[in-house]
K.L.:
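Sharing a structure below in structure tokens format, with a few things to ask.
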Number of protein chains: 2
Amino acid sequence: MSAGRTARERVRAELTREITDIARRQLAVDGAGGLSLRAVAREMGMVSSAIYRYFPSRDDLLTALIIDGYNAVGEAVEKADAACPREDHAGRWMAVCHAVRDWALTHPHEYALLYGSPVPGYQAPMDTVVAAVRDTVVYGRILSEAHAAGTLNPPDVCPPAPAPFGADAVRVREVMPGVPDDVVARALVAWTGLFGWVNFELFGQFNNVILDPATAFDHAMRCHAALLGLPVAATAPPHGK
Amino acid sequence: MSAGRTARERVRAELTREITDIARRQLAVDGAGGLSLRAVAREMGMVSSAIYRYFPSRDDLLTALIIDGYNAVGEAVEKADAACPREDHAGRWMAVCHAVRDWALTHPHEYALLYGSPVPGYQAPMDTVVAAVRDTVVYGRILSEAHAAGTLNPPDVCPPAPAPFGADAVRVREVMPGVPDDVVARALVAWTGLFGWVNFELFGQFNNVILDPATAFDHAMRCHAALLGLPVAATAPPHGK
DNA sequence: AGATAAACGAGAGCACCGCTCTTGACGATC
DNA sequence: GATCGTCAAGAGCGGTGCTCTCGTTTATCT
């Protein structure tokens, strides 16, 4: 079962992988719009129509790259979380934030493909959603464990979550069992705040304004941690330069 | 000065406007990637090359649409703010949030053009930045006035802003004079949180999870208001259906 | 072992795109 | 009335995604 049984299946898997590799390289250079099947074929010494034996359309190739991207950021988040002491829930949250930002900064076009504007006419198939929530699962687990450990003490500053929110909260709670509605709401605030910040930084809204985004980002995520009720220190960790 | 003096200038201005109108309509249907100069020309009964008399390249047409978009959302924000009592700073913040979200929901492709992934190879010229900050100026003025009125009382939950952040804070403070560093930091948190939420909602990250985004959004923005120190009520306003 | 079916690469071709260049007609200005 | 700048039109270049057909190769079934 190491690879496909027949020689044909083996070379097919290898070529498929080569296509996605080249496509990812092009993506990193030119962005999603610059991804060209013909260019991929040219670089492989093939003819453009041959690519369609492996990916029936450009969108299917994009889907493969999107799934790979979600898995890459999910894996980065998982590793960052795993490197922290289990009981340091605030540190794990901060590690997740920095992992997302670091991955986004090193893979800007892939990040844009995942969290930027959807490519026009492209409909994300169901295959993507399972990979898309890998990072969210990690995030939810941190909150869930912090709540179970009793270290999640959200300050009494927000108004109580409105009753109709409860219906949505039960769905979000699937990735953070046991967490009460008010904290679920704050979890959404922090999660959207994390990606909102990275979007601003990556898509240029901070240009000429925030010149030291690393410092500001770290502090902003600490504010989110504080609102969540995670006990967070003031000074920045030794992370980054 | 109502319009250009000569007849030639008048018809030129009119045609330029017609081009942007058609382009905006195409943008609303097919998104930024689907914007085609040839299609615009076809709809105008012109030949494609004639468009280049008015916009030297596709990117220049995009720039015009981007500037229009920034002005549109800026105007929506200004109107929403102006409709509130001056001293109700929390209400004004909530009005701004809902104005941004409502405009984004009614103009999703234009919003994506402004706040989504940058189109590959496109470099935003300087003309765009002045229009881009119209909404931010409104936001900053609300905070500045609330601070001056003494109604801005941020709860003591966040760690103090690190010293290196001060350099960036002075630039942000240009749109919110008088506001101390700690509040400037929280202002960035709230602002990125607002657009981060709208991005998630518009770009599909909430699909199958948040089914009542209006309710959740309103509450999330109230949480941000609370963190900012704006006195905010619990229940939702009569806004929307 | 031989026949059958599936998979494959190559090539031509379609309709579209952004963009450039040239040409001839029109209109404002001196 | 001549001139000069502006304009729409057309042809054309190189690029794109995608389809179809054509021989060839490979795996599988009888």
Side-chain angles (χ1 to χ4, degrees), chain A residues 1 3-20 22-23 25-27 29-66 113 118-123 125, chain B residues 3-20 22-23 25-27 29-66 109 113 118-123 125:
Chain A
M1 59 157 285
R5 300 230 312 96
T6 79
R8 192 171 226 145
E9 283 169 344
R10 278 191 39 226
V11 65
R12 179 181 178 84
E14 193 162 329
L15 282 184
T16 303
R17 169 155 194 83
E18 188 176 343
I19 290 175
T20 57
I22 295 179
R25 219 161 52 224
Q26 286 196 3
L27 190 76
V29 175
D30 297 324
L35 203 167
S36 154
L37 290 184
R38 290 181 118 107
V40 172
R42 214 176 301 132
E43 193 165 337
M44 291 184 64
M46 281 174 107
V47 123
S48 70
S49 58
I51 300 282
Y52 289 83
R53 300 281 180 191
Y54 300 88
F55 292 94
S57 80
R58 183 177 180 273
D59 280 5
D60 290 274
L61 178 53
L62 263 184
T63 297
L65 297 180
I66 288 175
L113 193 60
V119 310
Y122 172 78
Q123 174 76 354
Chain B
R5 298 230 312 97
T6 80
R8 197 171 221 144
E9 283 170 343
R10 279 191 38 228
V11 65
R12 179 181 179 85
E14 192 163 330
L15 281 184
T16 303
R17 169 156 192 83
E18 189 177 342
I19 291 176
T20 57
I22 295 179
R25 219 160 54 223
Q26 285 196 4
L27 191 76
V29 175
D30 297 325
L35 203 166
S36 153
L37 290 185
R38 290 180 121 107
V40 172
R42 212 176 302 130
E43 193 165 336
M44 291 184 65
M46 284 173 102
V47 120
S48 70
S49 58
I51 301 283
Y52 290 84
R53 298 275 178 192
Y54 301 88
F55 292 94
S57 80
R58 182 177 179 273
D59 281 4
D60 290 274
L61 178 53
L62 262 183
T63 298
L65 295 180
I66 288 176
H109 287 106
L113 193 61
V119 310
Y122 172 79
Q123 175 76 353

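We name chains A, B, ... by the order of the sequence lines, and we start the count at 1 in each one. Everything numeric here is computed off the predicted structure, so don't read it as measured data. Note that these values count all heavy atoms, side chains included, but never hydrogens, waters or copies made by symmetry.
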K.L.:
For nucleotides 13-15 of chain D, list the nitrogen or oxygen atoms of the protein found under 3.5 Å from its nitrogen or oxygen atoms, one pair per line.
P.N.:
none

K.L.:
What is the distance from CD of A:Glu9 to P of D:dA27, rounded to the nearest Å?
P.N.:
9 Å
K.L.:
Could a donor-acceptor pair under 3.5 angstrom be found where the side chain of B:Ser49 meets the base of D:dA9?
P.N.:
yes
K.L.:
Between atom CD1 of A:Ile19 and atom CG of A:Leu61, what is the distance when rounded to the nearest 0.5 Å?
P.N.:
7.5 Å
K.L.:
Classify B:Ile51 by what it touches in the nucleic acid, base, sugar-phosphate, or nothing, heavy-atom distance under 4.0 Å.
P.N.:
nothing
K.L.:
Nearest-Å distance, CG (A:Leu62) to C1' (D:dG17)?
P.N.:
12 Å
K.L.:
Heavy atoms under 4.0 Å, any strand shown: does A:Tyr54 hit a base, just sugar-phosphate, or nothing?
P.N.:
sugar-phosphate
K.L.:
Does a distance-only test, which skips hydrogens and angles, find a donor-acceptor pair under 3.5 Å between the side chain of A:Arg58 and the base of D:dT16?
P.N.:
no
K.L.:
Can you measure from CZ (B:Arg53) to CG (B:Leu15) and round to the nearest 0.5 angstrom?
P.N.:
13.0 Å
K.L.:
Measuring only between side-chain heavy atoms, which start at C-beta, is A:Leu35 closer than 4.5 Å to A:Leu65?
P.N.:
yes
K.L.:
Strictly by modelled atom types, are A:Ser57 and A:Asp60 linked by a side-chain donor-acceptor pair under 3.5 Å?
P.N.:
yes
K.L.:
To the nearest Å, give me how far apart OH (A:Tyr52) and P (D:dT19) are.
P.N.:
7 Å
K.L.:
Any N or O donor-acceptor pair under 3.5 Å from the base of C:dA7 to the side chain of A:Arg53?
P.N.:
no
K.L.:
Rounded to whole angstroms, how far apart are CD on B:Glu14 and C1' on D:dC7?
P.N.:
16 Å
K.L.:
Across the strands shown, which category fits A:Leu15 at heavy-atom distances under 4.0 angstrom: base, sugar-phosphate, nothing?
P.N.:
sugar-phosphate
K.L.:
Rounded to whole angstroms, how far apart are CG on A:Leu37 and P on D:dC18?
P.N.:
6 Å
K.L.:
Does any part of the side chain of A:Thr63, heavy atoms only, come nearer than 4.5 Å to the side chain of A:Phe55, both counted from C-beta?
P.N.:
no
K.L.:
Figure out the CZ/P separation between A:Arg12 and D:dT25, and round it to whole Å.
P.N.:
19 Å
K.L.:
Just the rounded figure in Å: distance from P of D:dC18 to CG of A:Leu61.
P.N.:
10 Å
K.L.:
Would you indicate what B:Ser57 reaches in the nucleic acid, counting non-hydrogen atoms under 4.0 angstrom: base, sugar-phosphate, or nothing?
P.N.:
sugar-phosphate
K.L.:
Quick one: pull up CZ in B:Arg58 and CZ in B:Arg38 and give me the separation to the nearest 0.5 Å.
P.N.:
13.0 Å
K.L.:
Minimum heavy-atom separation for A:Gln26 and A:Val40, please, with both atom names.
P.N.:
NE2-N, 3.4 Å
K.L.:
In terms of side-chain heavy atoms of A:Ala39, which of D:dT16, D:dG17, C:dG9 is nearest?
P.N.:
D:dT16
K.L.:
In whole Å, what is the span from the CD atom of B:Glu18 to the P atom of D:dC7?
P.N.:
15 Å
